[in-house]
Enquirer: 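Please find one structure pasted underneath; my questions will follow.
Numbering starts at 1 and runs along the sequence shown.
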Amino acid sequence: MLAAASRLDGEVSDLEPAERAGLVFVSEQKLRFRHPLIRFAAYQEAPLAWRIAAHRALAADLDGPQHAHRRAWHLAAATTGPDEEVAAELERVAEWAGSRQAMASASAAYERAARLTADPHRHARRLITAAQKASEAGQDERCRALTDQVPLPLRDPGTAADFARVRSVVELGYGSPGRAARILADCADTISADRPDKLAPLLTDAIHAAFCAGDAPLMVEIGVRTPHLTILALPAHLLAGDLPGARQALDTLVRAGRLADVGLMDQLMTAIYCHLMADHATAHELTAAAVAQCREQGIGGWLPTTLHLRAQVELALGLPDDAHAHATEALLLAEGYDLDHRAAHLRALLAVLAAVQGEEAQTRKMAEQALEYTRPREVGRGSAEALWALGLLDLGLGRAQDALRHLEAARQAVGHPFLARHLLPDLIEAAVRAGHPEGARAPADQLMTWAADLGQLHFTAQAHRCTALTSPDTQAEQHYLAALDLHTDVNDFDRARTQLLYGEWLRRSRRKIDARDQLRTALKIFDQLNARPWAHRTRTELQAAGETHDPSDATDSPLTRLSAQEREVVRLAATGATNREIATHLFLSPRTVGHHLYRAFPKLGISSRTELADLLTP
């Protein structure tokens, strides 16, 4: 500072008045203002010519390589018009910052370099790169502002491709993912002959946007353009029903995805494909690597997305605590960065996690907030996940008809039968419980076909469970047993659900001792996972099988005055289930359910079903 001051005939004694007034503190190493506002006021009050002279003097003395970034910024501050030499220095600073995971700093340097650039092509390229780095830093609003400043038309095909990618980021964040995919696909058509090297990143981003939209035809349309690129061709195999071809393509991608130098989007899409095809273990490995890559390289803008996918995979693996922790962290980041699109997806996932535990208020709040964003923007995947949460909640609480309605809507929103694979087991169970088994048979058959092609044990176990639900009694047990043989410790929640359904079937078959064995194990798992509605259902079944586990069954409980069948009916009625839903669940007629309630109310000392919930609260 003193060396620069000497170029302007300044010396250390000139600091004495400010030092005596307590405005600055001076030591052998540094000068420090007492408060940042004093520093700001001192700078702003100085005439422009003084500020420019000071910046030039400082730049002249910051001549070592360790000061290159500071020198470039001082030169930029001292420049009043286009200056390619200074712009080039700032661009080098931006590259240096980007290599050190400082994406926001890199974006600022590229933007300032663009302001000093007279050449239209370089000016546009630097603005576009500034927008790209702003997106990577999680600054989508700034990315949008920079994108709006790019001068059009762009005659260079490579620059046009880069511009389409940042435009798609803005459209994905503030508009429609379907339109974002179209922007990229249309650009690919325009530049493919001149810049074939730009096709893969353009269309990979397009596939991701189309996936978010739940637009399966667009995913296929994009994929068939480049059959030689595995990461783009795989959805065409998958969505056309060629699962063996998709598996072969996925093996190639997974081998590449484990390499250290693979791009983030390639790694992310490979993990998505693994998750879709029920290879959750590999998906978990790849998502963990993608999250680590975002953290290590400072790509904060993509961290909520990678954390979201990791949490989805952990839910599928039966790791709800890990899933909740990562989804919560991702939502905090998304809200902090104002990434409304990703925040909507994360609220939908947190709604699913809340539904498992029967947290009705939280499930509905998160799902409704998600749908408020996703529905008007046609974010199909996000809408489907929020509706899945509502359906899972109702299914656990015994409201089969409501569950079926939500799950059917989720299946429609997701855009393709295979993309709805993860919610079909719940939809099949809801259809059977709601008294519509005919609507469950075709999906159950489809699951078995997919399971044979995918070869994933956990998914095959789910398929056998669903087939058991839709099979005649003479065949159901073999499928329940096959499911239990295939279930591993990977997902305890799913195994417990199979045991609950098998236990219910055994009880209806009058094999109460066998039923209790299955139900006890299921109850232990549900209690460990704090899956309250499922634990309540299991306790109800245990009681019907001749075993009491509920605290409300103590000798001083009013429920002891009821018969076993009356207790089951009352417990279900307390959850808000209708007579028809209770009848379907217990394999009774609605008339018999009404008769049981009519006999139970006087014994309990109540006159309406609205009093049941308070009566049964421990």
Side-chain angles (χ1 to χ4, degrees), residues 98-99 101 132 135-136 158 161-162 165 168-169 181 184-185 188 192 195-212 216 218-240 242-299 301-303 305-314 316-317 418-419 421 453-456 459:
S99 70
Q101 297 81 52
Q132 288 174 328
S135 171
E136 291 177 6
D162 293 338
R165 294 184 73 190
S168 74
V169 168
L184 293 158
S192 59
R195 293 298 302 268
D197 58 308
K198 293 285 187 179
L199 277 180
L202 266 177
L203 293 178
T204 304
D205 287 357
I207 283 276
H208 179 254
F211 174 72
C212 290
L218 182 54
M219 290 177 71
V220 173
E221 177 190 327
I222 292 166
V224 297
R225 300 180 188 199
T226 50
H228 60 289
L229 294 175
T230 305
I231 198 159
L232 301 174
L234 188 148
H237 291 290
L238 191 65
L239 301 176
D242 179 17
L243 297 193
R247 280 188 65 185
Q248 185 177 356
L250 185 61
D251 290 342
T252 302
L253 287 180
V254 168
R255 285 195 296 273
R258 287 175 171 144
L259 299 177
D261 59 348
V262 71
L264 178 63
M265 183 55 78
D266 283 7
Q267 195 171 51
L268 189 64
M269 287 310 302
T270 302
I272 287 172
Y273 296 149
C274 287
H275 184 43
L276 282 175
M277 298 173 70
D279 186 359
H280 304 308
T282 305
H284 191 253
E285 173 193 338
L286 293 173
T287 54
V291 168
Q293 186 176 341
C294 286
R295 295 193 197 279
E296 291 163 6
Q297 296 184 9
I299 312 175
W302 280 96
L303 186 54
T305 301
T306 54
L307 282 168
H308 173 218
L309 181 55
R310 182 172 183 177
Q312 285 181 309
V313 172
E314 286 165 340
L317 286 170
F418 191 81
L419 299 182
R421 178 196 60 75
D453 288 336
L454 294 178
Q456 298 293 335
F459 179 43

Enquirer: Working note: Thr287 + Thr306, criterion side-chain contact (heavy atoms from CB on, under 4.5 Å); need CA distance, chi angles, decisive distance, verdict.
Expert: CA-CA 6 Å; Thr287 54; Thr306 54; over 6 Å; no
Enquirer: Using the ring-ring contact (aromatic ring centres under 6.0 Å, His included) criterion, which residues pair with His237? Sequence neighbours excluded.
Expert: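 ring-ring contact (aromatic ring centres under 6.0 Å, His included) check on His237 returns nothing, list empty.
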Enquirer: Taking the side chain as every heavy atom from C-beta outward, state whether Met219 and Leu239 have any atom pair closer than 4.5 Å.
Expert: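 They are in contact (side-chain heavy atoms under 4.5 Å apart), so the answer is yes.
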Enquirer: Heavy atoms, side chains only, cut-off 4.5 Å: are Asp205 and His208 in contact?
Expert: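 Not in contact.
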Enquirer: Heavy atoms, side chains only, cut-off 4.5 Å: are Met277 and Gln456 in contact?
Expert: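 Heavy-atom side-chain distance check fails, nothing below 4.5 Å.
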Enquirer: Minimum heavy-atom separation for Gln267 to Ala289, with atom names?
Expert: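 Nearest pair, atom of Gln267 first, then Ala289: NE2-CB, 3.5 Å.
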Enquirer: Please confirm whether Arg421 makes a cation-pi placement over Phe459, using NZ or CZ under 6.0 Å from the six-membered ring centre and within 45° of the ring normal.
Expert: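 Output yes; distance and angle both within limits.
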Enquirer: Any side-chain heavy-atom pair from Met265 and Pro201 closer than 4.5 angstrom?
Expert: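 When only atoms from C-beta onward are counted, Pro201 and Met265 do not touch, as no gap falls below 4.5 Å.
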Enquirer: Assess the residue pair Ile231 and Thr270 against the criterion (side-chain contact (heavy atoms from CB on, under 4.5 Å)); give the C-alpha distance rounded to whole Å, side-chain angles, the decisive distance to 0.1 Å, and a yes or no.
Expert: CA-CA 7 Å; Ile231 198 159; Thr270 302; 4.2 Å; yes
Enquirer: Indicate yes or no: at least one non-hydrogen side-chain atom of Glu221 is less than 4.5 angstrom from one of Leu218.
Expert: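 A side-chain contact under 4.5 Å exists here.
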Enquirer: May I ask you to test the Asp279-Tyr273 pair for a side-chain heavy-atom distance under 4.5 Å?
Expert: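 No - every pair of side-chain heavy atoms lies 4.5 Å or more apart.
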Enquirer: Say whether, by atom type as modelled, one donor and one acceptor occur between the side chain of Arg247 and the main chain of Asp453 under 3.5 angstrom.
Expert: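 Confirmed, Arg247 side chain pairs with Asp453 backbone.
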Enquirer: So Gln132 and Asp162, do their side chains get closer than 4.5 Å, heavy atoms only?
Expert: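 They are in contact (side-chain heavy atoms under 4.5 Å apart), so the answer is yes.
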Enquirer: Could you go step by step and tell me if Trp302 and Gln293 meet the side-chain contact (heavy atoms from CB on, under 4.5 Å) rule?
Expert: CA-CA 10 Å; Trp302 280 96; Gln293 186 176 341; over 6 Å; no
Enquirer: Distance-only, no hydrogens or angles: does the Arg225 side chain make a donor-acceptor pair with backbone N or O of Ala185 under 3.5 Å?
Expert: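 Judged by distance alone, yes, a pair lies under 3.5 Å.
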Enquirer: Is the closest side-chain heavy-atom distance between Thr204 and Asp266 below 4.5 Å?
Expert: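 A side-chain contact under 4.5 Å exists here.
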Enquirer: Write down the atom of Ala210, the atom of Ile222, and the distance for their closest heavy-atom approach.
Expert: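 Closest pair (atom of Ala210, atom of Ile222, distance): CB-CD1, 4.4 Å.
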